[in-house]
Amino acid sequence: LSSKHVINSGHLSSKHVINSGHLSSGHLIKGTHVKVTHNWGVSEYYRHGWNSWTPTRWWSLERDPWRIWDNPLRSLTAEDVVNDSTTKHRSSMVTAVVSEQGEVLLVGALSGSTPVLTLTPNTIEATCIDTGSAHANGGAWFVTTGAEQEVFARYAKALAQYRQLPERKQAVDVLGAVWSSWYSWFEEVSEQIITSEIPAAKKLGYGVVQIDDGWERKVGDWRANQKFPRGMKPVVDDIHQAGLKAGLWVSPFIALPGTPTVEAYPELFLHNEDGSLTPSGFNWGQEYYALDFSKPQAHDWLAETMSEIARWGFDMFKLDFLYAAAVQAQRQHGMDREVAYRAGLETMREAVGSDVYLLGSGAVVNASLGVLDGMRVGPDTAPYWDNTERKRDPSGPAVVNALRNSLSRAWLKPLADCDPDVAYFRTRGSLLSPEVNALTAQAGLVCGFAQCSDPRAWLSDQEAAVVQRWIAHFERHPRVEQVGRYTYRVDGQEVNFDEYL
Ligand code: 9PG
């Protein structure tokens with residue numbers, strides 16, 4: 001990258017050039033407002049979403065921005081509403097553009113809070129907030145050009161270096177394959193359903209049985225409901241007895257109206273200027289509130305709640321709806337929203353200990369690196385390919401949306417495990433073709449996160465055998481080479497998602 005590509009870049013000098021080892025270098029540009037002028041007259045660009053579910057893909061500047069349309073409640077949940085624009089092309093944390101010759105220019109945040117990039121055919125404007133906090137001190141950007149996969153790999157490496165992210169083990173080594181209750185039983189999950197699945201899960205080779213939403217009294221009231229009459233600890237013991245790890249879904253950053261905490265301590269939650277509680281998203285048929293982590297009492301509540309839950313003995317938590325603690329535009333008591341979010345995550349980590357695996361969902365990708373072990377990198381999947389009612393909502397549950405988002409984010413793998421959501425093998429209770437089932441299984445291998453929700457009783461013996469082989473393949477650490485944007489070789493065998501995405 002020559003300096004003629006960079007205008008207004010603050011201090012671009014050799015001392016800022018990152019030498020990222022054998023990967024060739026990129027430039028480090030300091031500043032909270034940086035404009036990169038390339039004059040490439042591009043149309044194709046990479047749109048990266050703010051949280052796990054936010055629409056992410058390669059897209060065109062000549063079209064309307066890739067985002068959730070006409071659905072404010074879903075936008076509040078799955079977009080960054082503060083920076084959402086109906087007309088401007090925006091990307092969170094990182095963007096990239098492709099020249100006519102196929103060269104790619106990438107601009108990505110290394111430091112600074114809530115980094116956003118706005119694109120025109122000739123410019124990339126990058127802004128962030130200097131918060132002075134450890135993970136978001138000043139504004140710093142990585143700028144590099146080269147081949148598509150090369151620039152994303154370099155950015156991941158530069159991020160790990162710049163933020164001094166700890167060495168991490170991969171999901172395959174820590175968890176193995178995960179059986180989750182969500183995409184079959186949803187909120188109907190019960191102790192009986194879990195205990196009857198345990199022997200089957202062990203036999204098929206799973207490493208984790210994860211209990212999803214439906215075990216708690218109410219979102220925000222994290223005590224077991226009547227469907228788990230013995231409480232959660234005996235269930236964990238049963239799972240451990242079988243030689244499996246136990247996982248639990250919990251969304252401790254949010255609470256529904258009417259829960260004991262909201263009733264007794266409304267001051268722990270985000271408020272509007274007029275003193276009313278701030279709705280931080282919409283699900284379960286209502287709006288919910290999120291903890292205000294600029295307040296020490298919110299940390300105390302979280303620490304107490306999570307320490308209690310951690311005592312039940314779970315080995316992993318699927319932490320959901322995390323973004324909600326960062327929805328509010330204004331600084332919370334002088335604290336930037338993503339800094340508050342990050343502080344909440346750190347309190348969480350402290351409460352559960354370093355050995356518990358934390359999988360974020362609805363997580364703010366940029367602000368979670370280094371604390372979460374893994375992250376969902378796409379919206380929910382579903383046992384159907386697409387839902388035409390949701391055409392203008394790329395965050396809606398569907399295989400196509402989950403695959404597109406997740407594969408577009410697989411470059412994050414060196415920084416956090418990338419969970420593409422469950423693979424399907426069943427034909428019962430599903431509209432998916434065998435061909436699409438196979439794609440979901442391949443996506444698990446490509447992303448390095450194998451997860452499935454099919455109950456053994458719903459599978460034919462033949463389908464169960466496919467699950468068993470898939471898990472065994474995953475456990476052998478398949479070699480994944482990316483040969484194109486959405487094409488891979490998995491242990492030498494070509495896997496091509498291109499024609500579907
Ligand atoms: C449990 C589920 C599952 C699932 C999670 C999450 O944007 N939205 O409105 C939205 C709603 C629900 C949702 C994701 C996004 O599902 O991703 O795997 O755990 O919660 O309730």
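Numbering of ligands and ligand atoms starts at 1, following listing order.
- The distance from the OG1 atom of Thr127 to the CG atom of Leu117 is 7.5 Å, given to the nearest 0.5 Å.
- Each of the following atoms of ligand 1 lies closer than 4.0 Å to a heavy atom of Lys318: 3 (C), 4 (C), 18 (O), 19 (O).
- Of the N or O atoms in Trp182, none lie within a sub-3.5 Å distance of an N or O in ligand 1.
- The ligand atoms of ligand 1 that sit less than 4.0 angstrom from a heavy atom of Tyr183 are 4 (C), 18 (O).
- Under 4.0 Å is where a charged nitrogen must lie from a carboxylate oxygen, and between Arg485 and Asp498 no such pair does.
- Protein heavy atom at the shortest distance from atom 13 (C) of ligand 1 is Asp380 OD2, 3.4 Å.
- For atom 9 (O) of ligand 1, the nearest protein heavy atom (residue, atom name, distance) is Arg74 NH1, 3.2 Å.
- The list of salt bridge (Lys or Arg N to Asp or Glu O under 4.0 Å) pairs with a residue in residues 422-448, not counting sequence neighbours, reads Arg426-Asp454.
- Each of Trp58, Trp59, Tyr486 was evaluated against Ser408; a single residue qualifies, Tyr486, per the side chain to side chain donor-acceptor pair (under 3.5 Å) test.
- Distances shorter than 4.0 angstrom occur between a heavy atom of Phe321 and an atom of ligand 1.
- The ligand atoms of ligand 1 that sit less than 4.0 angstrom from a heavy atom of Arg376 are 17 (O), 18 (O).
- For the pair Ser395 and ligand 1, the shortest N or O to N or O distance does not fall below 3.5 Å.
- Each of the following atoms of ligand 1 lies closer than 4.0 Å to a heavy atom of Asp212: 1 (C), 3 (C), 19 (O).
- Contacts between Glu187 and ligand 1, counted as non-hydrogen atom pairs separated by less than 4.0 Å, are absent for every part of the residue.
- Remark: ligand 1 and Asp320 share an N or O pair separated by less than 3.5 Å (distance only, no angle test).
- Residues Cys452 and Phe425 are in side-chain contact: their nearest non-hydrogen atoms beyond the backbone lie under 4.5 Å apart.
- Geometrically, ligand 1 and Asn283 share no nitrogen or oxygen pair separated by less than 3.5 Å.
- With respect to the salt-bridge test (charged N to carboxylate O, under 4.0 angstrom), the residues Glu346 and Arg349 do not qualify.
- Applying the 4.0 Å criterion to heavy atoms of Asp213 picks out, from ligand 1, the atoms 1 (C), 21 (O).
- Of the protein's non-hydrogen atoms, the one nearest atom 10 (C) of ligand 1 is Thr77 CG2, 4.2 Å.
- In this structure, the side chains of Ser406 and Thr56 stay at 4.5 Å or more apart for every pair of heavy atoms.
- Annotation: side chain of Met306 is not in contact with side chain of Glu350 (no heavy-atom distance under 4.5 Å).
- Relative ring orientation between Trp312 and Trp215 is described as perpendicular, the plane-to-plane angle rising above 60° on a 0-90° scale split at 30° and 60°.
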